[in-house]
Amino acid sequence: MRAVMDRVKVAASIALAASVLAASAGCRGDRTDNPPRQYFPGLMDQPKYKAQAESRFFSDRRAMREPPSGVVAFGRAPHLEYGSGEAEREEGRARVSLQRTHFLRNDDRVFRGIENDDTWVERIPIRGLYNLGPDDSIDEALVMRLIETGRKQYNIFCLVCHGGAGAGDGPVGKEWSAPLPNFHDDRFQPGADDGSDGYLFHVIRNGVANAPGAEPALRMPAYGDRVNEHDAWAIVAYIRSLQRARGAPIDLVPDAERERLERRRPATQTGADAGHPHGDDDSHTSMEDAS
């Protein structure tokens, strides 16, 4: 009897192995015209609208609906926290809080560049920009990241007209019908008529109006649809770094970079000019590294 049972077990094992091999052979990537098996068809075939689909329910025939008037976005993701450690969770909560604050756009200093009395803000409202309290310290690394963001955005949107050093001599700017502004002029320095950070922010976002009746309506186009508020302030920060680099003494340049500039300095450059090497790009690069 035991021998019979053993033979039955062996036969069952062989049959099981054969079925496993047969199933594996069907999973080798072979193509078939047979319809796929749907084990949970209710999940795969549930009624739903897809993006850009047509609707027969709404009068405008659009499946994608406009949000109700006055609605404010919850955030860029449904998560309130990120990470597993307490430090990561705290950083995630701060990031989500900042996103939600920016969605509200209820700080005119940050999102319009103006004070309560409708005057331009004099300095970048960095505390409001990053949701920092009055007693919170401003991290130097945060400021450097803001300037680096501004450098990238400036090179994308501003350089072709205003030039790499902000002198208004970009490849497009040099061909303009009228000279473009030079950011190193006195009128754009802090404290001057057009030198407030809020004014520069406004120009980036909204452009510069042309003379009444002239075409086009904007002498400088508005970039508000391409540069958000954070990146506009970043560009302002980068413009300030270009201004600082233009008049900074060479003593602030890192040693290795200073040696390179010294080797390129004309032999006839002496006296007071020796402290300010010529070449906007070199000065800008050095000062950016030193900031």
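Residue numbers run from 1 in the order of the sequence given. What you see below is based on every heavy atom in this structure, not just the backbone, and it leaves out hydrogens, waters and symmetry mates.
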### Task
For Trp233 and Val110, indicate whether the former's side chain and the latter's backbone hold a donor-acceptor pair under 3.5 Å.
yes
### Message
Salt bridge or not between Glu148 and Arg145? Use side-chain N to carboxylate O under 4.0 Å.
### Response
no
### Task
Hey, could you give me the CD1/CG distance between Ile235 and Leu242, rounded to the nearest 0.5 Å?
11.5 Å
### Query
Does CD in Gln52 sit with more than 12 non-hydrogen atoms of other residues, nucleotides or ligands closer than 6.0 Å?
no
### Query
Quick one: salt bridge (charged side-chain N to carboxylate O under 4.0 Å, His left out) partners of Asp107, sequence neighbours excluded?
none
### Query
Going by side-chain heavy atoms closer than 4.5 Å, which hydrophobic residues are tied to Tyr49, directly or by a chain of links?
Phe57, Phe58
### Query
Is it true that Arg187 and Asp194 have a side-chain N and a carboxylate O under 4.0 angstrom from each other?
yes
### Task
Determine whether the aromatic ring centres of His230 and Tyr130 lie less than 6.0 Å apart.
yes
### Query
Of all residues at least two apart in sequence or in a different chain, which pass the salt bridge (charged side-chain N to carboxylate O under 4.0 Å, His left out) check with Glu66?
none
### Query
Take atom NZ in Lys50; do more than 12 heavy atoms of anything else shown fall under 6.0 Å from it?
no
### Query
Taking the hydrophobic residues Ile, Leu, Val, Met, Phe, Trp and Tyr, and joining any pair whose side-chain heavy atoms are under 4.5 Å apart, which ones share a cluster with Leu180?
Val160, Val172, Trp176
#### Entry: Asp60/Arg62 ion pair, N-O < 4.0 Å
yes
### Query
Would you call Glu88 and Arg95 a salt bridge, using N to O less than 4.0 angstrom?
no
### Spatial distance of atom CZ (Phe157) from atom OH (Tyr223) [nearest 0.5 Å]
8.0 Å
Contacts table for residues 131-139: side-chain donor-acceptor under 3.5 angstrom, sequence neighbours left out:
{"unit_1": "Asn131", "atom_1": "ND2", "unit_2": "Ser97", "atom_2": "OG", "d": "3.4"}
{"unit_1": "Asp136", "atom_1": "OD2", "unit_2": "Gly133", "atom_2": "N", "d": "2.6"}
{"unit_1": "Asp139", "atom_1": "OD1", "unit_2": "Ala141", "atom_2": "N", "d": "3.3"}

### Residue pairs involving residues 203-217 (criterion side chain to side chain donor-acceptor pair (under 3.5 Å); sequence neighbours excluded)
His202-Asn206, Arg205-Glu229
### Query
How about Gln243 and Arg246: does a side-chain donor come under 3.5 Å of a side-chain acceptor?
no
### Query
Atom CG in Leu104, atom CZ in Phe111: separation rounded to 0.5 Å?
8.5 Å
